Amino acid sequence: VPGTYYLSIEGRRGQLFAPQTLTFVMYRLVDDATPIVLGQSSGTQIGWTTGPLGNALGFDGLQQVDVANGAAVNLRDSLTLELSFRVDAFGSPWSNLVYKGNGAGQRTYALYLNSDGYLHFSSWGGALGTIGLNSAVGSIQVGQWYHAAVVADRAAGQLRMYLNGAEVASTALSAIPFVDSAGGLRIGREINEGSAAFVGAIDDFRLWNVARTEAQIVASRGAALVGDETGLTLNLRFDEGSGTTAANSAIATQAGTPAG
């Protein structure tokens, strides 16, 4: 198609002496005039959108949500992590959905996206060492909403991953806790590890300090929670639609702070 295009070449940082995989992306240029107001930021506003359960928070690679470290997020034993998300563009090759850690060898838990279209859960550091779990290649497609859940079930000795309510991966999990970290929880971008920021949208982020069953995940994934469910420590619904604070609907502690 005739027109003026912008060519972007992207490669993963942090591998200066290793072979690089580059991605070529072409965008057609469209004029977009935006007034600039002195003393006000431009182009970094919080992007609210529509999700499966009301409003959702949009991420264009500049946004993130931060929750300070505390009992609600520093979950090292039994754990259930849930969120609904839509990918608008993959990183090259990794982008980060959820990160709890300090970026210096203490990654309590994290959820990544790979450009081959799969989820990767990871914990790294401490006595447990490194443990990871992947969904199938191609299980995540651009432009579609998904519900993902990861369960650390210490009683059963399993780490399980669910996609849209169905178990898609599992591996053995010891009783050794995930590494302790003073770093907070960040949604949409990791801390100092070099992966790309997430581009897409996230709705209804949930953390539990219990191992939820498949039946429980299926029963509640399509509806808003009350907030007093057993084990629920953090529930960011992202229903605000404006502002820079995401309320925690769990009857617990912290709120999240979206930032551009």
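Throughout, residue positions are numbered sequentially from 1 according to the sequence presented. Bear in mind the structure is a predicted one, so any value in this text is a computation, not a measurement.
Taking the side chain as every heavy atom from C-beta outward, V150 and T80 never approach each other to under 4.5 Å. Side-chain contact between L232 and V210 is absent, with no heavy atoms from C-beta onward closer than 4.5 Å. The closest side-chain heavy-atom distance from F121 to L159 is below 4.5 Å. Using a 4.5 Å cut-off on side-chain heavy atoms (C-beta onward), D153 and L173 make no contact. Under the 4.5 Å side-chain criterion, counting only non-hydrogen atoms from C-beta, M161 is not in contact with E167. T108 places a side-chain heavy atom less than 4.5 Å from the side chain of R76. Contact check for D203 versus W145: side-chain heavy atoms found under the 4.5 Å cut-off. L236 places a side-chain heavy atom less than 4.5 Å from the side chain of V67.
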Original post:
For L185 and V65, what are the C-alpha separation, side-chain angles and deciding distance, and is it a side-chain contact (heavy atoms from CB on, under 4.5 Å)?
Top reply: CA-CA 8 Å; L185 171 71; V65 177; over 6 Å; no

**OP:** Quick one: do V199 and V87 satisfy side-chain contact (heavy atoms from CB on, under 4.5 Å)? Show the steps, please.
**Re:** CA-CA 6 Å; V199 177; V87 185; over 6 Å; no

Subject >> Stepwise side-chain contact (heavy atoms from CB on, under 4.5 Å) check, T233 with N248 >> reply: CA-CA 9 Å; T233 64; N248 180 13; over 6 Å; no

**OP:** Dump the intermediate steps for side-chain contact (heavy atoms from CB on, under 4.5 Å) on S174 and L128, then the final yes or no.
**Re:** CA-CA 8 Å; S174 75; L128 181 62; 3.3 Å; yes

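Residue L119 is not grouped with residue V151 when hydrophobic side chains (ILVMFWY) are merged at heavy-atom distances under 4.5 angstrom, including chains of intermediate members. In this structure, Y146 is a member of the same hydrophobic cluster as F198, with clusters built from ILVMFWY side-chain heavy atoms closer than 4.5 Å. Linking ILVMFWY residues whenever their side-chain heavy atoms come closer than 4.5 Å, directly or via other members, places W94 and I191 in the same cluster. Y99 and V179 are not part of a single hydrophobic cluster, where members link through side-chain heavy atoms under 4.5 Å apart. F59 and L81 fall within the same hydrophobic cluster, defined by Ile, Leu, Val, Met, Phe, Trp and Tyr side-chain heavy atoms under 4.5 Å apart, directly or through other members.
Minimum heavy-atom separation, Q158 to S170: NE2-OG, 4.5 Å. Nearest heavy atoms, D77 versus F178: O-CE1, 4.2 Å. Taking every heavy atom of both residues into account, A197 and G61 meet most closely at CB-O, 3.5 Å. Pairing each heavy atom of G91 with each of S95, the nearest pair is N-OG, 3.8 Å. The two residues A148 and F85 make their nearest non-hydrogen contact at CB-CE2, 3.8 Å. The two atoms that bring L113 and F90 nearest to each other are CD2-CE2, 4.4 Å, heavy atoms only.
A side-chain contact (heavy atoms from CB on, under 4.5 Å) with D204 holds for exactly one of L83, N235, N55; it is N235.
Looking at R107 and Y109, their side chains never bring a donor and an acceptor atom within 3.5 Å of each other. If you check the side chains of Y112 and E190, you find a donor sitting under 3.5 Å from an acceptor.
Atoms OG and CG, on S249 and L234 in that order, are 9.0 Å from each other to the nearest 0.5 Å. One finds the OG atom of S195 at 6.5 Å from the CG atom of N96 (value rounded to the nearest 0.5 Å). One finds the CG atom of N74 at 11.0 Å from the CG atom of L207 (value rounded to the nearest 0.5 Å). Rounded to the nearest 0.5 angstrom, L57 CG and D239 CG are separated by 11.0 Å. For the atom pair CZ (R189) and CG (L97), the distance works out to 13.0 Å, reported to the nearest 0.5 Å. Atom OG in S78 sits 7.0 Å away from atom CZ in R154 (nearest 0.5 Å).
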Please output the side-chain donor-acceptor pairs of residues 214-228 that fall under 3.5 Å, not counting sequence neighbours, one pair per line with the distance.
| from | atom 1 | to | atom 2 | distance (Å) |
| --- | --- | --- | --- | --- |
| Q216 | OE1 | T213 | N | 2.9 |
| Q216 | OE1 | T213 | OG1 | 3.4 |
| S220 | OG | R212 | NH2 | 2.8 |
| S220 | OG | Q216 | O | 3.0 |
| R221 | NH2 | N164 | O | 3.4 |

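Applying the side chain to side chain donor-acceptor pair (under 3.5 Å) definition to pairs two or more places apart or across chains, those involving residues 123-136 are H120-N134, S135-S139.
For the pair R186 and F205, the cation-pi criterion (under 6.0 Å, within 45° of the ring axis) is not fulfilled.
Looking at N114, its side chain never comes within 3.5 Å of a backbone N or O of Y118 through a donor-acceptor pair. Of the possible donor and acceptor atoms, none in the side chain of K100 sits under 3.5 Å from a partner among the backbone N and O of V73.
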